[in-house]
Amino acid sequence: MNTVKNKWKERQRTKQDFEEIKAQISVEAVADYLMQKQGKNYIYPGERTASIKIYPESNSFYDFGRATGGDCVRLWSHIKGCDSWTALNEVRKTFGLNTPDKQHSRELIAQQQEARKRRQEAKKQKQERWIRQVDELKTEVDLLSAIISSGHCEPLSWLWCVCQNRLTTVEGKLDLLCGI
């Protein structure tokens with residue numbers, strides 16, 4: 001029981017550290033430090049056009065080129081290519097914030113990052129499954145359309161009716177999958 005309480009307290013302390021940094025440092029300050037501004041947006045290092053938009057009202061960012069967003073620590077991590085724990089410490093050091101005397105858990109950060117990776121992998125698999133289903137349905141639509149229009153089966157014959165009914169069903173499924 002004590003182990004569960006200790007893990008919970010440790011998680012709360014680590015979460016509190018992130019919350020303190022997010023409250024003290026704006027995403028815009030991190031963006032100004034790390035990137036070049038182009039109009040209202042920021043340019044990702046190594047690119048020519050701005051793809052990162054800052055939302056000061058929610059203290060967040062979104063990178064349209066890489067489909068990712070988050071807070072100031074996530075922005076630092078995203079630009080520098082480091083983990084969240086390293087980003088937190090680098091933000092503290094760069095902006096002169098005090099490091100609390102609390103003992104932090106790298107394991108907890110690693111677990112959170114692993115959970116994020118699992119969620120991203122599940123999302124990727126879901127997208128791949130959707131693409132595969134759409135491709136299969138498109139192939140079936142092409143096949144049925146070819147059979148109907150080939151002239152090998154007479155209109156209103158049994159085969160023509162079966163193909164036409166199946167074509168309508170498959171097109172309906174395709175519309176549902178694609179959100180039409």
Side-chain angles (χ1 to χ4, degrees), residues 3-4 6-38 40-95 97 99-100 102-139 173-180:
T3 328
V4 173
N6 289 341
K7 284 184 179 181
W8 185 81
K9 284 180 182 178
E10 190 175 320
R11 182 175 289 144
Q12 288 303 105
R13 275 187 266 138
T14 304
K15 183 178 179 183
Q16 183 181 0
D17 290 344
F18 279 95
E19 296 302 323
E20 287 173 6
I21 294 297
K22 289 191 279 185
Q24 294 176 14
I25 302 294
S26 71
V27 172
E28 197 163 10
V30 172
D32 285 336
Y33 181 81
L34 293 174
M35 298 177 288
Q36 180 183 358
K37 194 168 185 176
Q38 184 181 56
K40 293 182 179 181
N41 298 327
Y42 289 83
I43 302 172
Y44 189 87
E47 292 185 351
R48 286 185 261 149
T49 58
S51 66
I52 298 178
K53 181 162 177 65
I54 303 297
Y55 300 97
E57 59 279 349
S58 62
N59 198 25
S60 63
F61 79 97
Y62 189 78
D63 183 348
F64 290 91
R66 286 158 190 78
T68 189
D71 56 38
C72 63
V73 176
R74 180 72 183 112
L75 177 61
W76 190 283
S77 170
H78 177 63
I79 299 298
K80 294 287 191 170
C82 60
D83 61 48
S84 297
W85 184 254
T86 304
L88 176 72
N89 289 323
E90 288 178 4
V91 167
R92 273 192 183 130
K93 184 178 176 183
T94 302
F95 291 95
L97 301 174
T99 305
K102 302 172 189 169
Q103 184 179 8
H104 300 287
S105 170
R106 283 189 161 279
E107 291 177 12
L108 179 60
I109 301 298
Q111 289 171 355
Q112 291 171 346
Q113 288 176 337
E114 186 62 36
R116 185 182 310 128
K117 285 179 185 176
R118 283 194 302 269
R119 285 192 305 271
Q120 288 173 343
E121 183 62 31
K123 183 179 178 182
K124 182 181 175 184
Q125 288 175 355
K126 183 178 178 182
Q127 288 174 336
E128 289 171 353
R129 192 170 43 250
W130 179 85
I131 289 169
R132 194 172 44 251
Q133 287 175 328
V134 168
D135 288 344
E136 288 171 359
L137 289 172
K138 284 181 178 180
T139 302
K173 286 181 181 179
L174 196 55
D175 288 348
L176 285 174
L177 272 177
C178 294
I180 298 174

CD of E128 to CD of E121: how many Å apart, nearest 0.5 Å?
7.0 Å
Drop me the distance from F64's CZ to I52's CD1, to the nearest 0.5 angstrom.
10.5 Å
Taking every heavy atom of S77 against every heavy atom of C82, the minimum-distance pair comes out as OG-O, 2.5 Å
So T68 and Q120, do their side chains get closer than 4.5 Å, heavy atoms only?
no
Which heavy atom of A50 sits nearest to which heavy atom of N41, and what is that distance?
CB-CB, 3.6 Å
Tell me, yes or no, whether the heavy-atom count around Q38 atom CD, taken from other residues, nucleotides or ligands under 6.0 Å, exceeds 12.
yes
With a 4.5 Å heavy-atom cut-off, do K93 and N89 have their side chains touching?
no
Find out whether E28 and Y42 are in side-chain contact, i.e. whether some heavy atom of one side chain is under 4.5 Å from a heavy atom of the other.
yes
Any salt bridge linking E19 with K22? Criterion: basic side-chain nitrogen under 4.0 Å from a carboxylate oxygen.
yes
Neighbour count >12 (heavy atoms, 6.0 Å) for atom NZ, K138
no
Taking all non-hydrogen atoms of both residues, which atom of V27 and which atom of G70 are closest, and how far apart?
CG2-O, 4.5 Å
In Å, rounded to the nearest 0.5 Å, how long is the span from CZ of R119 to NZ of K117?
12.5 Å
Test item: T94 and W76 side chains (from C-beta on) under 4.5 Å apart, heavy atoms:
yes
Is any side-chain heavy atom of M35 closer than 4.5 Å to one of P45?
yes
Is there a side-chain contact between V30 and I79 (heavy atoms, below 4.5 Å)?
no
Here the gap from E136 atom CD to T139 atom OG1, rounded to the nearest 0.5 Å, amounts to 7.5 Å
Quick check: do S60 and D71 have side-chain heavy atoms less than 4.5 Å from each other?
no
Is it true that atom CZ of F95 has more than 12 heavy atoms of other residues, nucleotides or ligands lying nearer than 6.0 Å?
yes
Are side-chain heavy atoms of W85 and Q113 found at a separation under 4.5 Å?
no
What distance separates K40 NZ from I54 CD1, expressed to the nearest 0.5 Å?
13.5 Å
Can S51 and D63 be counted as having a side-chain donor-acceptor contact under 3.5 angstrom?
yes
Rounding to 0.5 Å, atoms NE2 (H78) and CZ (F61) come to a distance of 5.5 Å
